[in-house]
Amino acid sequence: MLPEIPTNGVSAVGVSDAATISGTRTVALPPGTVEEILSRAGRPDFARWAEQVTRCGHCSRPVRLRGRVEYRSADGRQVAYSTDAEPDRLLLIRCGNRRAAVCPSCSYEYAGDMWQLLYAGAAGGRKGVPESIRSHPLVFATLTAPSFGPVHTTRADRSGGPARCRPAHGTPRLCRHGRPSWCTAIHAEDDPRLGQPICPDCYDYPTHIAFNWHAPELWRRFTIALRRTLAHQAGLTAAEFARRCRVSFVKVAEFQRRGVVHFHTLIRLDGPGEDYQPPQISVDATGLADAIRQAAVHVRLIVGMPDGTDLALRFGKQLDTQTVNGGSVGELTPEHAARYIAKYATKSAEDFGLGERRITPETLSLLDVPEHVDRLVRTAWQLGEHPAYEGLRRWVHMIGFRGHFASKSRRYSTTLGAIRGERRTYRQRQAAEHVRELLDEDTTLVVSRWEFAGVGYLSTGDTALAFSAAARARERRQAARDAA
Ligand SMILES: [Zn+2]
Ligand SMILES: [Zn+2]
Ligand SMILES: [Zn+2]
């Protein structure tokens, strides 16, 4: 018997200070690990320990808890469950981290929850969203950043095959730093040069950082511009438009290889009420896609730079819109749109080797990052000195992006919290039923007491065992999928 406990409250406890082993990379085992593995596997409670590891989904760095569940009966207080009887007197629960680089298992669960939220808003018929939502105009859009200087990239030629990175047009010219301004390589997907500038000295680092820093505000301006554009198309004033139509959206920020954020978003038009009525203006998904492109192309945010100049920030010319739901050729299904966005929700700046913590120029030199990332971080640090960029230094590990990686307007669909709460309530109900079976009818349930005991497995040997069990579980899942 193992009662479930709320993961939210627990993961809020000073988790970040504990030593953790993260990621799934195979490394040479430190000395003593084999002994640790043998000692764990030889213990009489090994099966129970392995069960706990399975129950927390082979989490990479589970939260360790100590505690008990008590109930009152006619004879006073009784203990229904206690970690005293568990291996190491501990209960392991999921870390709940959304980042794939921190915990593949929890990030997988997070992406699944995210998918449910996205899918409910796109297809309806679940999570309190009616199926009639499918008739609302819905568009999947990607808003990118502009160019801050040429970077190494992958391209496709006319037939879709791999093409050269940056062929020289006409007579090849050196840049003013004496470097080639072309690149004739065909880069493989894992080429470390991808996303790196052709010439770092030509690259506009301050504008790049300013874009990441102001991206949340640029997005907000975009949503305002979109409402205006739609109102204008419908021949309505802003106030009249607001009485007839609401713009609902969910968006996810993703870092491109060059270290700049762009947004993947699902944008839907609803009526003004709380009950997912259709919009009271005549616009279809194609009209909405047009309005999104217009608003994204025209929106500007003027920001000050340390040298006293003004900078007009805007989205890039690469702008992708696809209508969802209509069922015509070239349209996305709600399933695909939801899957695409959910996938990006688990990525972050860790892919650049910067980790989750705040960094300074001093700690940066301890990290082994490419020159481009190094320059980005140092530029962000310098900009952060300027009063207009106050607070930026706290976000240099995110290359200046301080926004939420996933966010939504209030009425898009349910919330992530509600989905996680549902799952938790389900587990808790199961656990409560289990406990009740052991108890008399007249008992009154139940007092839980939990204490945070740390993060991660107790030894490298435990971690190695958990990771190999996770790998086996993945193989089994894959085999089951292949068989299906
Ligand atoms: Zn985890
Ligand atoms: Zn190149
Ligand atoms: Zn140059």
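Count residues from 1 along the sequence. Computed from a predicted structure; not experimentally measured. Order of appearance sets the numbers: ligands from 1, and atoms from 1 within every ligand.
By the 6.0 Å contact criterion, CG on Asp368 is open, its count of non-hydrogen atoms from other residues, nucleotides or ligands being 12 or less. Atom CZ of Arg402 sits in a crowded spot, with more than 12 heavy atoms from other residues, nucleotides or ligands closer than 6.0 Å.
For the Zn ion (ligand 2), the count of nearby protein N/O/S atoms, taking only those under 2.8 Å, is 4.
Not a single N/O/S atom of Cys56, whether from backbone or side chain, sits less than 2.8 Å from the Zn ion (ligand 1).
His177 contributes ND1 as its N, O or S atom closest to the Zn ion (ligand 3).
Ring orientation note: the planes of Phe140 and His264 are close to parallel, at an angle under 30° on the 30°/60° scale. Between Tyr389 and Trp213, the ring planes are tilted. Angles from 30° to 60° get that label.
An angle of 110° is found at the Zn ion (ligand 3) between Cys199 atom SG and Cys202 atom SG, rounded to 10°. The angle subtended at the Zn ion (ligand 1) by SG of Cys59 and SG of Cys106 is 120°, given to the nearest 10°.
When only modelled atom types and interatomic distance are considered, Arg481 and Gln478 share a side-chain donor-acceptor pair under 3.5 Å.
With respect to Arg257 and Asp191, no salt bridge is recorded, no charged nitrogen being found less than 4.0 Å from a carboxylate O. Taking the charged nitrogens against the carboxylate oxygens, Glu371 and Arg375 do have a contact shorter than 4.0 Å, which makes a salt bridge.
Here Met114 contributes atom CE and Lys408 contributes atom NZ; the two are 9.5 Å apart, rounded to the nearest 0.5 Å.
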